[in-house]
Amino acid sequence: MRLATWNVNSVRARVDRVIAFLERSQTDVLAIQETKCRDEQFPVAAFEAAGYEVAHVGHSAWNGVAIASRVGIADVETSFPGQPGFAKPAAPAPADDAPAEAPDASPDEAPATLLEVPPPVEARALGATCAGVRVWSLYVPHGRAVDDPHYAYKLAWLGALHDAAAGWLDDDPRTQVALVGDWNVIPLDTDVYDPAAFAGHTHVTPAERQAFTAFATAGYTEVTREHLPAEHTYTYWDYQQLAFPRNKGLRIDFAYTSPAVRERITGVVIDRDERKGKGASDHVPVILDLADPA
DNA sequence: ATGCCCCCGAAACGGGGA
């Protein structure tokens, strides 16, 4: 079985390239991130015409994750248990000369406050079982800046995913789980074209790197590095400043798997050619080849 | 070579991305 993950940066803008990739690579299961659409906007027909079923979660033009499979897709979950939400920071308090709220609220109806309303869970994780493998398509929050609330959200999100994923590794050594996607963490200095360019930024802080490596101590193995250990092996290149021709990239797309999946993997390919040409995503597919189960 | 940012929705710019 061929299992791939790809941050496509808008599935509607790139559906032809995605379908062409599926057919060219003969991928059986594709985890997709950043679809940037609501469920009813997802181009399901093109995938079905190519022989794939699709499970998707998307609430707006932001985020959005999916799994396309031609080997079955079952038990879909559109978030993981305990997945934190993100609340936009509260608007600044009104100026002193702003008109006061009219005191006409019904006394027996307490006004809703931010503290009482849980922040919305974003479309960043989708789980489904495909040919016996529990696949999670993951789009880890970016973080934006270390002093931004989005950064604390990113760490909380990774921590909650870790706790959930640790529970998925039960005592059965046959349990097949794959956590794949855009992790938005640069685990090593050799995973970035120039570490100095990221000094003081997100993706490289010790807290983010610790949150990432914690999955290994929980019993998962990051199998893309296991099979492709070369330094400066990138999965993302910015659109700006000729980053791709100059090979100024980042390695931020990874696959943590349970031992039973790890032992099936015969090879990993990063489809660097997919970054070429007009209409490319800024990320490329990362492909895992799995032998038939023992 | 691969090539000088791109996507979205709302509005004709601004937010988000990494």
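First the proteins, then the strands, lettered A, B, ... as listed; each starts at 1.
- If you chain together hydrophobic residues whose side chains sit under 4.5 Å apart, Ile67(A) and Trp6(A) never meet in one group.
- Across the P atoms, dG16(B) and dA11(B) are found 16 Å apart, a figure rounded to whole Å.
- Residue His203(A) is in sugar-phosphate contact alone, with no base atom involved, counting any heavy-atom pair closer than 4.0 Å across all strands shown.
- Using a 4.0 Å heavy-atom criterion, one finds that Asn184(A) contacts the sugar-phosphate atoms exclusively.
- Nucleic acid contact for Gly277(A): sugar-phosphate only, since backbone atoms but no base atoms lie under 4.0 Å from a heavy atom of the residue.
- Taking the six-membered ring for Trp and the full ring otherwise, the centers of Phe212(A) and Phe254(A) sit less than 6.0 Å from each other.
- In this structure, Tyr236(A) reaches the sugar-phosphate backbone alone: every heavy-atom distance under 4.0 Å involves primed, P, OP1 or OP2 atoms, never a base.
- Considering only residues two or more places apart in sequence or on other chains, Gln26(A) meets the side-chain hydrogen bond (donor to acceptor under 3.5 Å, both in side chains) condition with Arg70(A).
- Using atom C1' as the reference point in both dA12(B) and dA18(B), the two lie 27 Å apart (nearest Å).
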Please list, one pair per line, the donor and acceptor atoms closer than 3.5 Å that link side chains of residues 47-58 of chain A to other protein atoms, with sequence neighbours excluded.
residue	atom	partner	partner atom	Å
Tyr52(A)	OH	Thr27(A)	O	2.6
His56(A)	ND1	Asp39(A)	OD1	2.7
His56(A)	NE2	Thr35(A)	OG1	2.7

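- In this structure, the side-chain contact (heavy atoms from CB on, under 4.5 Å) partners of Thr205(A), at least two apart in sequence or on a different chain, are Val146(A), Tyr151(A), Ala207(A), Glu208(A).
- Residue Gln41(A) is in sugar-phosphate contact alone, with no base atom involved, counting any heavy-atom pair closer than 4.0 Å across all strands shown.
- Cation-pi geometry between Arg275(A) and Phe244(A) is met: under 6.0 angstrom from the ring centre, within 45 degrees of the axis.
- Note on Trp62(A): a base of the nucleic acid sits closer than 4.0 angstrom, heavy atoms only.
- Spacing of C1' atoms, dC8(B) relative to dC4(B), comes out at 23 Å, to the nearest Å.
- Judged by Watson-Crick or G-U wobble contacts below 3.5 Å, the nucleotide dG9(B) has dC13(B) as its partner.
- Toward the 5' end of DNA chain B, the nearer of the two residues Ala13(A) and Arg246(A), judged by each one's closest nucleotide, is Arg246(A).
- Among the heavy atoms of the strands lying under 4.0 Å from Ile252(A) are primed sugar atoms or P, OP1, OP2 only; no base atom is included.
- At a threshold of 4.0 angstrom between heavy atoms, the contacts of Leu250(A) are confined to the sugar-phosphate backbone, with no base atom among them.
- When the salt bridge (Lys or Arg N to Asp or Glu O under 4.0 Å) test is applied to Arg124(A), the partners found at least two apart in sequence or on another chain are Glu122(A).
- In this structure, Asn63(A) reaches neither bases nor backbone, as no heavy-atom distance under 4.0 Å exists between it and the strands shown.
- Think of the region where chain A sits on DNA chain B: with heavy atoms and a 4.0 Å cut, that region ends 5' and 3' at dT2(B) to dA18(B).
- Rounded to a whole angstrom, the distance from the P atom of dG15(B) to that of dA10(B) is 15 Å.
- Checking Arg275(A) against Pro141(A), the closest nucleotide of DNA chain B that is more toward the 5' end is the one next to Arg275(A).
- Asp171(A) meets the side-chain contact (heavy atoms from CB on, under 4.5 Å) test with no other residue; sequence neighbours excluded.
- Arg14(A) comes within 4.0 angstrom of the backbone, heavy atoms only, and of no base.
- Residue Tyr193(A) is out of contact with every strand shown, counting any heavy-atom pair closer than 4.0 Å.
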